[in-house]
Structure formats: C-alpha cells, structure tokens
Amino acid sequence: MIEPGLTPAQVRQLFPSLQHRVHLATCAIAPPSTPLTAALHLMLAALLTTPWPEFESMTDYVREHAATVLGAATEQIALVPSVSVGTYQVASTQRWRGSRRRVLVSASDFPGVAHVWLAQQVRGCDVVFIDTAAGTDPLDAYRAALDEHTALVCAPLVTYRDGLRLPISDLAHAAHQAGAKLVVDASQAAGVMPVDVASLDCDYLITTTSKYLLGLPGLALLYARHPAAGPKPTLTGWQARQHPMAFDPLTLDWPASARRMETGTPAIAAVYAAVAGLQLIERLDLTAVHQHVTSLVNHAAQRLRAHGERLTLPKAEHRGAHLVLHDPQPQVLADWLERHNVLTAPRAGVLRIAFHAFNDHEDVAQLCDAIERHRSHGMAGNGRRP
Ligand SMILES: Cc1ncc(COP(=O)(O)O)c(C=O)c1O
C-alpha cells in the first residue's frame, strides 16, 4: 500500500527503471512502477486458483476508483478496450436523424478518434473538422462552426501532437448553448493534472489508462453523464447485460448504468495495471503535479530554445504535460537519445518530450545535454532551422 501525499522523489522511487533511464515518453506510454509489477504478479498467482471472483473485484475497483479520480459516479463509468472503442460507443448511441446530425471534430484530435467519426458518415453523420492548431484560437474556431445542426462537439483536453490544452469548460458552455453535447478525449491529461467531469461540464469523457494514469495498454475509461440517454449501443457483449452472470443468450437487456457501453471480458492484465496506477494517482495532489510538470516544460523549453531548437510552445495557460521539438527526422533523434538512456516519443516531424510526477530537473538537464551532443556531432536531422 502506498502512503498518501507522495513527494515527487517518493514517486520516483516507485519506478526502478528511472535509476538508469530518463523517461520522457509518458505521452506515449508510462514506465512500469513497482506496484504495477506487483499487481501483475498477483494476477499470475490468481491464475493458479479460480481467478474469476478476483478478476471481477479488480474490475469493479477500476470502475469505482476511475470514477473517484474523474469526479464521476461509478454508474457513469464504462471500461472499454481503447479510446477508439469508447468513441465508437458514444457514436453508436447517437441518432443522426433530422437536421441535427453534425459532429465538430478537432483536426488535432487523435487519428483513431477522428476515424470513428468519419466512419459514422455512412450512418448519416456530418463531420466537420475544426482547426485547433497552436496559434489559432480553438474556442473561436469551434464557436464559428457551432449551430442548430451540431449534435456533438468532440475535442481533446490536450492535443496528442502539440501538447495544446483546450479551454474545455468554455467549449462545453458554447456547445450546450447551441444544444450540442461535448465529448472529450482526456488521454493526454488524466493522471497528470486535475480532470474533473463536473468542472469540465462535458457529456462524455474518454481516456486511456496506459499513459499518465500509469497502467498498461488494453483498457480505457468512458464517462457518460447520462449513460442511458439515446439509443442502445450496438457494439455489445455479456458484460453489458443487467445480469451478466445469468449467462442467458436469449435475453438482450441493457442496464441504466454506463456498463451498457461495455462489451466482453476486459484485458485482465491491463485491469490489474490500472488498479496499481489508480492507487498511485489517488495518492498524488494533481494540482501540485500539474505545477511540477509545467515548471519542467518551461525549463526544458527555455534551455532548448537557448540552443536554437525549434519548438511548438502554446501560451502558458494552454500548456499540457509535453513539449514539442521540431526535427525532420524525429525517429533518428529519438533512437539516438534512447541509446543514451533518454526515452522520448517521436511523431511525424516532431519529438514529444513528456513529463510526469516522477520527472525532475536533472532529467531536463540530461535530455538537453544529449540533444546538444547529438547536434554538435553533426548527426543527420538537425532541425534547428526552419
Ligand atoms: C489523445 C489520444 N487519444 C487516444 C489515444 C489512444 O487511442 P486508442 O486507445 O484507441 O489506441 C492516444 C495515444 O495513443 C492519444 O494520444
């Protein structure tokens, strides 16, 4: 059991790999913690018994504690295999009838999310992309497109590529005034800053558990403000029944809770990992964690800019937990950094540098020293000039 009120140094000690490696890639995947490893051993031990009662109670634990972390009720949380499936479940419970059949999707949404909406076009949904790139005013861009035809507004809390934090509660207000609902992808925010569905005033929120929530791939959380509103989900399974243990193939009923959006057996290893991650997250002061990562983002930005690196840096109030460095060959740079024990997260044209509670200023120094060495060695991919 982890003690309440962990300091960044105490959090760091729970990640043994950090003793010999700088992990700046949590925007892609979390490093393994000691509690996560212990949880996976528990799961393996359960396999030597009749594991289903324990698997079920771990799954219940995730629903309950995910609800606490997001400020929701347990009945408003569904466990889904991925953010893409969670988005699909939201889409499948919309009607796309009459004149209100439009979805506004950020052009900076994660591709998997955007693809789900695009695939809804065959059902009559009208998809409009909104430019929310750094440098634009995302709220104005959404407002200009919102009208009586808008059914849903979809937005990331923090964009996966540029680390831009969107003004979600203002967007919720604008969406609701136009009679639309708001769907938020919080995958780049949940676990590293306060994410509270009531303050955000969103209607749906989806997040992976494999990044800042410190779990494993294979499990995502879906919050629905009114889970039973609208049509029943068409992607379903025995876990979405009123009485899953009745094992009745002839009865298709849906509970009123968000479990109606679940499907079959969840990825059990990811469930155990999520328990470990949520236990750790619940012992952090996420406001303090947000301040901590913001100071690391700012420090890294200052030092990298001083050495001529080209960055995308949103305005102070719109920064997330990662920094974006432009490089024509980000994979080459990431591979070089990895060989020097610094893990980062490359994407097309950019290197993402992500911070969590376990990172510190020494990590920033190691990253910057390594990048400076890489540049001065004249390696391929010097992206310092536009
Ligand atoms: C913002 C965001 N949403 C979603 C995902 C993942 O989506 P899925 O769980 O469907 O793979 C990622 C990254 O992997 C992401 O950065």
Side-chain angles (χ1 to χ4, degrees), residues 23-31 62 66 70 77-92 103 105-120 129-130 132-134 138 153-166 168 171 182-193 195 200 202 204-223 235 261-263 266-267 269-271 273-274 277 293 312 314 318-324 330 334 343-356:
H23 190 97
L24 300 174
T26 310
C27 59
I29 196 153
V62 175
L70 299 175
I77 299 290
L79 303 187
V80 287
S82 65
V83 172
S84 306
V85 173
T87 308
Y88 179 80
Q89 289 302 61
V90 176
S92 85
V103 180
V105 181
S106 165
S108 308
D109 255 309
F110 189 70
V113 170
H115 297 161
V116 169
W117 296 118
L118 284 173
Q120 288 294 304
F129 281 103
I130 307 296
T132 55
V153 172
C154 182
L157 209 163
V158 173
T159 62
Y160 81 99
R161 185 180 181 272
D162 290 343
L164 173 74
R165 187 154 52 92
L166 268 64
I168 293 295
L171 187 54
L182 178 67
V183 189
V184 175
D185 177 359
S187 298
Q188 293 293 342
V192 73
M193 60 185 73
V195 173
L200 294 175
C202 54
Y204 301 94
L205 182 138
I206 313 160
T207 176
T208 180
T209 59
S210 61
K211 302 180 193 289
Y212 298 97
L213 286 172
L214 303 172
L216 279 180
L219 188 72
L221 312 170
L222 165 58
Y223 157 82
L235 177 64
M261 292 168 137
E262 297 195 2
T263 56
V271 166
V293 300
T312 294
H318 296 310
R319 287 181 199 158
H322 71 268
L323 182 63
V324 172
L343 276 189
T344 52
R347 283 287 176 273
V350 297
L351 186 80
R352 296 176 305 164
I353 299 158
F355 299 99
H356 205 336

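Note that ligands are numbered from 1 as they come in the structure, with each ligand's atoms numbered from 1 the same way.
- Nearest protein neighbour of atom 15 (C) of ligand 1, counting heavy atoms only, is F110 CD1, 3.4 Å.
- Residue contacts with ligand 1, taken as heavy atom pairs separated by less than 4.0 Å, involve S82 via backbone and side-chain atoms alike.
- For the pair L221 and L213, the minimum side-chain heavy-atom distance is below 4.5 Å.
- Those atoms of ligand 1 that come under 4.0 Å of a heavy atom in Y160, given as number and element, are 1 (C), 16 (O).
- Scanning the protein for heavy atoms near atom 14 (O) of ligand 1, the closest one is K211 NZ, 2.8 Å.
- The closest protein non-hydrogen atom to atom 10 (O) of ligand 1 is S84 OG, 2.5 Å.
- Among D109, V116, V184, V90, the one residue that satisfies the side-chain contact (heavy atoms from CB on, under 4.5 Å) test with C154 is D109.
- In the vicinity of Q188, heavy-atom distances shorter than 4.0 Å reach the ligand 1 atoms 1 (C), 15 (C), 16 (O).
- Of the possible polar contacts, one joining the R165 side chain to the R319 backbone as a donor-acceptor pair under 3.5 Å is found.
- Of all protein heavy atoms, the one closest to atom 9 (O) of ligand 1 is V83 N, 2.8 Å.
- Taking CZ of R352 as the reference point, atom OH of Y160 lies at 7.5 Å (rounded to 0.5 Å).
- Note: I353 CD1 to T344 OG1 = 7.0 Å, rounded to the nearest 0.5 Å.
- K211 places a side-chain N or O within donor-acceptor distance of the main-chain N or O of A28, the cut-off being under 3.5 Å.
- Closest to atom 2 (C) of ligand 1, if we only count protein heavy atoms, is D185 OD2, 3.3 Å.
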